[in-house]
Asks: 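Would you mind keeping the following structure in view while I ask a few things?
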Protein chains: 2
Amino acid sequence: MAVRWELLKQDPASAARLGRLHTPHGVIETPVFMPVGTQATVKTLNPEEVWDLGARIILSNTYHLYLRPGHDLVQEAGGLHRFMNWKGAVLTDSGGFQVFSLADLRKITEEGVQFRSHIDGSTHFLTPEKATEIQNALGADIIMAFDECTPWPCDHDYARRSLERTTRWAARCKVAHARPEAQALFGIVQGSTFADLRRQAAEEIVELDFPGYGIGGLSVGEPKELMHEMLEVQVPLLPADRPRYLMGVGSPEDLVESVWRGVDMFDCVLPTRIARHGTVFLPDGKMTVRNAEFARDFLPIQEGCDCYACRNYSRAYIRHLMKADEMLGLRLCSIHNLRFLVRTMEEIRAALAAGTFAEYRRTFLERWHAGEAERRARIRTGTGRAGGPMGPSEPAVPQNR
Amino acid sequence: MAVRWELLKQDPASAARLGRLHTPHGVIETPVFMPVGTQATVKTLNPEEVWDLGARIILSNTYHLYLRPGHDLVQEAGGLHRFMNWKGAVLTDSGGFQVFSLADLRKITEEGVQFRSHIDGSTHFLTPEKATEIQNALGADIIMAFDECTPWPCDHDYARRSLERTTRWAARCKVAHARPEAQALFGIVQGSTFADLRRQAAEEIVELDFPGYGIGGLSVGEPKELMHEMLEVQVPLLPADRPRYLMGVGSPEDLVESVWRGVDMFDCVLPTRIARHGTVFLPDGKMTVRNAEFARDFLPIQEGCDCYACRNYSRAYIRHLMKADEMLGLRLCSIHNLRFLVRTMEEIRAALAAGTFAEYRRTFLERWHAGEAERRARIRTGTGRAGGPMGPSEPAVPQNR
């Protein structure tokens with residue numbers, strides 16, 4: 001078996017678990033956040049920077065690497081780890097999420113999905129077998145079954161038919177998987193925001209017996225309460241001795257809330273995506289360091305933060321870099337945001353080990369929500385210069401894979 | 001005196017000198033190439049990367065920092081070194097080159113230059129006194145006199161009147177300089193491509209007695225032979241015990257040729273600018289790693305190169321990053337190009353110490369010119385895919401400050 005998850009401690013107060021994921025590229029403490037390196041690079045960072053901020057597993061993407069540079073080329077290079085010079089573990093998403101995001105550009109059949117490349121418009125056909133073959137060539141430690149990620153909202157009938165197809169596709173992926181001794185294939189449970197379908201999906205996919213399970217189709221626009229409810233319905237149906245990976249999540253509060261509900265693994269583009277706008281995580285919510293109010297602020301992004309950016313640079317300097325379109329600004333914000341999430345997971349693991357996770361969660365969320373509420377109030381009332389604390393160009397950020 | 005240059009060895013075969021520049025931020029071996037960090041950051045790199053590639057002095061820019069973030073803000077931050085977290089030495093250009101490049105946006109009088117900001121169109125007035133005041137606030141180890149850099153070609157009469165004004169401005173900079181104990185003010189000699197004016201400029205500026213001399217107005221489009229000729233005329237008129245800095249130069253062959261003619265210091269945006277197009281320096285000329293021919297090339301950019309990029313990544317990976325618009329590609333090409341120039345200077349210094357510089361120069365230039373001639377032939381005949389070896393988007397790269 002390529003990967004093995006070891007339960008170290010079940011939190012008595014919640015569904016949270018402390019564990020250890022053994023992979024061909026090292027041991028990963030869980031719960032864990034995985035930085036996203038969609039195109040075989042975590043945006044703006046080199047692998048040493050990613051390692052130095054504490055990450056030991058990253059995510060990369062089948063859809064993108066299949067189209068460019070091509071999985072055969074990556075295989076020829078010696079696989080993804082060697083191609084990108086990353087000594088830690090890698091998980092590849094199956095490409096399902098991406099092709100279904102293409103909306104007008106794709107057509108679904110029982111066999112698979114026909115889609116057009118976002119790069120050059122060329123036509124491709126992705127099937128469970130093809131997605132698995134690509135992932136076998138890329139060589140990640142963990143690969144994902146080819147699933148349909150339903151949009152939200154979605155009607156019950158479509159969600160049911162989709163999840164049943166996803167189950168049939170998962171079975172085909174398992175058959176197609178050529179390197180089970182070197183790579184672990186995780187199944188993915190869907191079911192939209194319907195409790196009965198979440199149960200059905202869990203039962204069907206668990207029946208196929210995977211070494212780990214992805215939870216898909218959440219954090220796609222639905223209210224947070226609904227996401228929590230679905231986790232509470234579905235997670236208990238997943239085997240206690242296998243890792244659970246909530247795909248495309250998330251924000252700091254989502255990590256804490258989902259660990260509480262029994263999730264072990266996460267990934268999200270949020271930390272690097274908001275960095276592009278100079279937005280950074282703080283314990284009391286997000287802050288946009290690009291804003292005029294920080295022009296002469298010589299404090300670090302977050303006082304006491306142990307990241308490279310906070311140890312060496314002021315808000316004023318980082319704001320200058322962002323205003324001047326200098327890439328180092330984006331790097332520094334990305335490093336801070338990734339370190340913030342990785343450190344949050346370290347804190348969560350320490351709290352689980354100490355038996356204080358309930359207290360940690362309460363304190364963390366109180367501080368975070370109070371700060372975010374204040375920030376939203378400032379944006380609403382127009383307080384703060386340059387279009388409010390998030391800046392004029394800050395779009396709503398979808399939290400996705 | 002803020003800086004002192006020490007002659008270690010005069011090359012017997014040429015005008016080249018081996019030396020040591022003592023500054024408030026460390027000792028710099030000369031001849032030296034200074035990476036350019038126009039906006040208080042060497043594009044895409046952090047200061048540790050710049051240090052690790054062997055640079056001990058960088059250049060930054062008065063015009064850009066005056067407009068954004070403002071010299072008063074940089075001073076408030078504790079000066080340029082601290083603002084950008086650079087432990088080595090810094091030289092700031094006076095802004096003269098930039099305001100004169102604005103062409104339609106500026107108006108020259110005896111008092112100074114009125115110009116409009118390229119950022120927001122606001123009107124500013126830069127004088128020798130103001131340029132010096134700004135540089136005193138920025139706090140670089142070496143600051144430059146405010147000069148007019150004449151374009152090429154330029155008529156004799158204009159070039160003469162301009163250089164005489166530059167001399168009067170240099171005298172005013174000297175009077176205005178408020179921190180001679182902490183910062184060294186270098187004069188700048190101009191004179192376009194007229195031998196008599198180059199002589200006149202050298203005599204006038206040397207008469208003012210500066211601790212070092214910039215040579216301006218070269219590598220602005222004139223034939224290389226003319227640049228060499230002007231150096232041969234002007235350099236011997238500069239005092240033998242002061243460093244000579246050829247501004248905005250250069251390419252690898254320009255460095256070798258100009259050291260031969262007695263130049264000690266260089267800066268140029270070329271290595272980071274061509275990196276944007278995926279173009280890299282090799283001992284036998286430039287190569288565009290972004291080109292299709294390198295898609296499956298798993299060699300490093302330059303075999304045997306000791307830079308971070310060549311020690312860890314293949315051409316195929318770097319090409320992938322450039323094609324996918326991933327910033328790490330630009331970083332890796334920038335690191336290679338800067339290391340290539342810094343290492344060339346190390347080799348030149350070693351050759352000067354060993355008394356073999358004439359041989360080094362011959363071998364270096366033979367290899368470089370043969371490779372470049374071949375590359376130009378390939379472009380002319382359309383050999384090589386994707387629009388020839390330089391790629392379709394490669395513009396003529398002006399080598400300037």
Side-chain angles (χ1 to χ4, degrees), chain A residues 37-50 61 64-65 67-70 72-78 80 82-87 119 272 276 292 294-298 308-309 311-332 334-335, chain B residues 37-50 52 64-65 67-70 72-78 80 82-87 119 272 276 292 294-298 308-309 311-332 334-335:
Chain A
T38 305
Q39 305 193 103
T41 170
V42 175
K43 287 201 184 300
T44 78
L45 305 187
N46 72 17
E48 289 79 5
E49 287 169 319
V50 177
N61 196 279
H64 287 92
L65 296 178
L67 290 180
R68 185 174 56 196
D72 49 341
L73 188 151
V74 174
Q75 186 171 35
E76 219 182 300
L80 201 43
R82 193 158 158 205
F83 185 54
M84 66 180 292
N85 187 36
W86 170 247
K87 60 184 171 181
I119 300 170
T272 42
R276 282 182 238 168
F294 301 113
R296 305 186 106 83
D297 188 334
F298 300 108
Y308 169 75
R311 281 187 286 109
N312 294 290
Y313 305 91
S314 65
R315 294 168 174 182
Y317 182 64
I318 296 170
R319 174 178 189 267
H320 162 64
L321 295 175
M322 299 300 298
K323 294 292 286 184
D325 283 327
E326 287 285 0
M327 215 40 62
L328 182 57
L330 222 161
R331 271 176 76 182
L332 295 176
S334 294
I335 287 174
Chain B
T38 306
Q39 305 193 101
T41 171
V42 176
K43 287 200 182 302
T44 77
L45 306 187
N46 72 18
E48 289 80 4
E49 287 168 319
V50 177
D52 288 349
H64 287 92
L65 296 178
L67 290 180
R68 184 174 56 195
D72 50 341
L73 189 152
V74 174
Q75 187 172 34
E76 219 182 302
L80 201 43
R82 192 158 160 205
F83 184 55
M84 66 180 293
N85 187 37
W86 169 248
K87 60 185 171 179
I119 300 169
T272 43
R276 283 182 236 169
F294 302 113
R296 306 186 107 82
D297 188 333
F298 299 109
Y308 170 77
R311 281 187 285 110
N312 294 288
Y313 304 91
S314 65
R315 294 169 173 181
Y317 181 63
I318 295 170
R319 174 179 189 267
H320 162 66
L321 294 176
M322 298 300 296
K323 295 291 287 184
D325 283 327
E326 287 283 2
M327 214 41 60
L328 182 58
L330 221 160
R331 270 177 76 182
L332 295 176
S334 295
I335 286 174

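Since the model is a prediction, treat every value here as computed from it, not as a measurement. In what follows, chains carry the letters A, B, and so on, assigned in the order in which the sequence lines appear, proteins first and then strands, with residues in each chain numbered from 1.
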Asks: So which of Thr44(A), Leu73(A), Leu332(A), Leu45(A) has the biggest tally of heavy-atom pairs under 4.5 Å with chain B?
Replies: Leu73(A)

Asks: Taking the side chain as every heavy atom from C-beta outward, state whether Arg331(B) and Met327(A) have any atom pair closer than 4.5 Å.
Replies: no

Asks: Rounded to the nearest 0.5 Å, how far does CD of Gln39(A) lie from NZ of Lys323(B)?
Replies: 12.5 Å

Asks: Mark yes or no for whether Arg68(B), through its side chain, and His320(A), through its backbone, hold a donor-acceptor pair below 3.5 Å.
Replies: no

Asks: Applying side-chain hydrogen bond (donor to acceptor under 3.5 Å, both in side chains), can you list everything that pairs with Asp297(B), at least two apart in sequence or on another chain?
Replies: Arg315(B)

Asks: Salt bridge or not between Arg296(B) and Asp72(A)? Use side-chain N to carboxylate O under 4.0 Å.
Replies: yes

Asks: Considering only heavy atoms from C-beta outward, does the side chain of Met84(A) approach that of Asn312(B) to under 4.5 Å?
Replies: no

Asks: Contact part of Leu65(B) toward chain A, heavy-atom cut-off under 4.5 Å: side chain, backbone, both or neither?
Replies: side chain

Asks: At a 4.5 Å cut-off on heavy atoms, which part of Tyr313(A) comes close to chain B: side chain, backbone, both, or neither?
Replies: side chain

Asks: Quick one: which of Leu321(A), Thr41(A), Leu330(A) has the most heavy-atom pairs under 4.5 Å with chain B, could you say?
Replies: Thr41(A)

Asks: Mind listing the closest non-hydrogen atom pair of Tyr308(A) and Pro47(B) along with its distance?
Replies: OH-CD, 3.9 Å

Asks: Can you tell me if Tyr317(A) uses its side chain to pair, donor with acceptor, with the backbone of Ala40(B) under 3.5 Å?
Replies: yes

Asks: Looking at every heavy atom in both Ala77(A) and Phe298(B), which two are closest together, and how far apart are they?
Replies: CB-CE2, 3.3 Å

